[in-house]
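Since the model is a prediction, treat every value here as computed from it, not as a measurement.
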Amino acid sequence: AMMIYGSHAGLAQIRERLHLSEQRLNEAQRIARVGSWELDLLSNQLNWSDEIFRMFELDPTRFGATYEAFLAAIHPEDRGRVDSAYMGSLATRQPYEIEHRLRMVDGRIKHVIERCETEFDASGRPLRSIGTVQDITERRRAEDERVVARGLLEGVLGSISDGFFTLNTAWIYTYVNERAARLVGKAPQELLGRRIWDVFPSVEGSSWHQRYQQVMETQVPLKFLDRSERLDAWFECAVYPYEDGISIYLNEVTERKRAADQIAAQLHEKEVLLREIHHRVKNNLQIVSSLLYLQQDRSVDPTSTEVLRECRNRVSAMSLVHEKLYGSTDLSHVDFVDYARDLSNSLLVSFGATPERIQLRVDGTRIVFPLDRAISCGLLLNEIVSNSLKHAFPDGRSGQIAVDVAEHNEGYEVTIRDDGVGHAYTELEQPSASLGLRLIGRLVTQLGARIERLEGLGTGYRLVLPREECA
């Protein structure tokens, strides 16, 4: 009795372990979406795992569990193919693998992969077939979506005006649209699957190669313009990295490059001509200034001498603008602070004032004025600084003249002040005003500016220029 009890207990443990093992197997199959089956060919008895029933969405209690019942669950269009694959494996004694469809009761389609091998007895008679079925519906759907997306992408890339191609990390063409193939003088099939260096040996080691390599290594996009010696053409190129290599957009711009070079050459010619005009205007004004100086030097009348000097200084102020433009890279704008400094220094020389006696200070932020505004502001500065040099420091008195240029909320502000003896204020447009003061008034009006007399020691003026007039 004890022996019988012990044997029963052992069998119970074995059954428990077997049941646990089956549960684990079923769970593993469910997770992997793989079911197993076995067909006894002697009894035509078919056994399916739980996962296959879930996959086929069939009730185990109603399933016939025969080979014919299995075929009935397959999509009608695939039954013949599956049956032929199985019967062929029996005839050749070779395993087989086949992908086919299942059609559910509600019309849904599933995709599965079936694998099978068969055992034979010594005489070659088939005894049983065992196999697996794996649900690949989601994978197939993803593949179909990728095919559709790739088709759409290729359609878009094939219709764009730019050439487009991709190279993998081994420098092999993986995609080439028709436009790219035409640009390089090849058919797409002559490029696909081949290394770029094998098709175009001259590219290896070239500037194109270096740029492609740079993007491949740094994973940073790059745009550039380069010339193909082989094709004798200019191309605009954009290179982008992606996980398998690089993609390249290519556009021939030979005619555009030729037109741009022609425009650049024409602009250079005009720049040379404009620079020559400034040079000649400057020379002509210097000739006028020299003639006035000769006349001034010969004059014995102090009043006439002073008038000639004032005229010469005004001509020199205009000449200096053209001199600045001639030596500048910008032929239409003048750095006014730099110009004001040179102009003020030339006035010191003209009036015979030494730096030891009259200190000149010109400060300010860099502000550029167009040609006509620079000339008007220069003439205005010439008149105010000349007045300071003539009247602020009588009898050899020393002092300082300061010119400050700064941005202002209304535009720009130019302040000119001396610390001399000062003089009574006279309205600029008053008939009794001197020619210099009246000229200041006219220039202020011409500039659309505003000028005011500053209070305090000496004489000073503050000129406010609107920004739009000076841009």
Side-chain angles (χ1 to χ4, degrees), residues 274 277-278 281-282 285-286 288-289 309-351 360-390 392 401-418 427-429 433-454 459-471:
L274 186 56
I277 290 172
H278 284 308
V281 170
K282 179 202 70 171
L285 289 173
Q286 286 180 342
V288 174
S289 178
R309 179 166 62 183
E310 290 176 356
C311 290
R312 186 167 65 88
N313 287 341
R314 289 165 185 152
V315 171
S316 296
M318 292 185 287
S319 173
L320 182 60
V321 171
H322 290 280
E323 182 179 341
K324 289 289 182 184
L325 291 173
Y326 175 71
S328 171
T329 55
D330 185 348
L331 297 177
S332 59
H333 292 81
V334 175
D335 182 340
F336 186 70
V337 175
D338 182 58
Y339 167 61
R341 185 176 292 110
D342 288 352
L343 176 59
S344 300
N345 282 321
S346 70
L347 289 174
L348 284 180
V349 175
S350 175
F351 281 92
L360 178 66
R361 180 181 61 80
V362 180
D363 290 323
T365 56
R366 185 179 184 276
I367 296 173
V368 292
F369 288 172
L371 174 61
D372 56 343
R373 295 297 158 186
I375 290 176
S376 297
C377 290
L379 288 172
L380 195 151
L381 179 66
N382 175 82
E383 296 303 320
I384 296 176
V385 173
S386 293
N387 280 343
S388 293
L389 290 171
K390 283 191 295 183
I401 300 174
V403 179
D404 292 289
V405 182
E407 291 199 43
H408 185 270
N409 55 6
E410 295 181 28
Y412 301 100
E413 180 180 273
V414 181
T415 304
I416 309 162
R417 177 189 285 278
D418 65 61
E427 291 290 340
L428 299 179
E429 299 296 336
S434 65
L435 174 61
L437 290 176
R438 292 203 302 273
L439 181 58
I440 290 173
R442 296 288 176 84
L443 291 169
V444 168
T445 302
Q446 179 181 323
L447 288 165
R450 175 167 53 85
I451 192 169
E452 60 185 43
R453 178 77 176 265
L454 299 177
T459 303
Y461 292 93
R462 186 169 75 99
L463 176 71
V464 178
L465 298 155
R467 189 179 302 273
E468 62 272 14
E469 294 293 339
C470 306

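- Nearest approach of L389 to L348, heavy atoms of both residues: CD2-CD2, 3.6 Å.
- In this structure, S344 has no side chain to side chain donor-acceptor pair (under 3.5 Å) partners at least two apart in sequence or on a different chain.
- Remark: D404 engages R361 in a side chain to side chain donor-acceptor pair (under 3.5 Å) (not counting sequence neighbours).
- Put simply, the side chain of S376 never gets that close to the backbone of R373: no donor and acceptor are under 3.5 Å apart.
- R417 is linked by a side-chain contact (heavy atoms from CB on, under 4.5 Å) to L454, counting only residues two or more places apart in sequence or in another chain.
- Contact check for Y412 versus F369: side-chain heavy atoms found under the 4.5 Å cut-off.
- Interatomic distance, CD1 of I416 versus CG of L381, reported as 4.5 Å (0.5 Å rounding).
- Residues in residues 375-389 take part in these salt bridge (charged side-chain N to carboxylate O under 4.0 Å, His left out) pairs, two or more places apart or across chains: R314-E383.
- Between F336 and V414 the shortest side-chain heavy-atom distance falls below 4.5 Å.
- By the side chain to side chain donor-acceptor pair (under 3.5 Å) test, N382 is found to be paired with no residue, residues two or more places apart in sequence or in another chain being considered.
- For D372, there are no side chain to side chain donor-acceptor pair (under 3.5 Å) partners two or more places apart in sequence or in a different chain.
- Residues V385 and L343 have side chains not in contact (no heavy-atom distance under 4.5 Å, counting atoms from C-beta outward).
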### Message
Run the side chain to side chain contact (heavy atoms under 4.5 Å, CB included) test on I384 and L380 for me, step by step, so that the C-alpha distance in whole Å, both residues' side-chain angles and the decisive distance to 0.1 Å come before the verdict.
### Response
CA-CA 6 Å; I384 296 176; L380 195 151; 3.5 Å; yes

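- Across all non-hydrogen atoms, the minimal contact from Y339 to A374 is CE2-O, 3.7 Å.
- The nearest pair of heavy atoms linking L347 to S386 is CD2-OG, 3.7 Å.
- Counting only heavy atoms from C-beta outward, the side chains of L465 and C377 approach each other to under 4.5 Å.
- Taking both residues in full, the closest heavy atoms of V362 and A340 are given as CG1-CB, 4.1 Å, listed atom of the first, atom of the second, then distance.
- A 4.5 Å side-chain heavy-atom check between N387 and T459 finds every atom pair outside the cut-off.
- The nearest pair of heavy atoms linking P466 to A449 is CD-CA, 4.0 Å.
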### Residues R467, H408; criterion side chain to side chain contact (heavy atoms under 4.5 Å, CB included); working and verdict
CA-CA 9 Å; R467 189 179 302 273; H408 185 270; over 6 Å; no

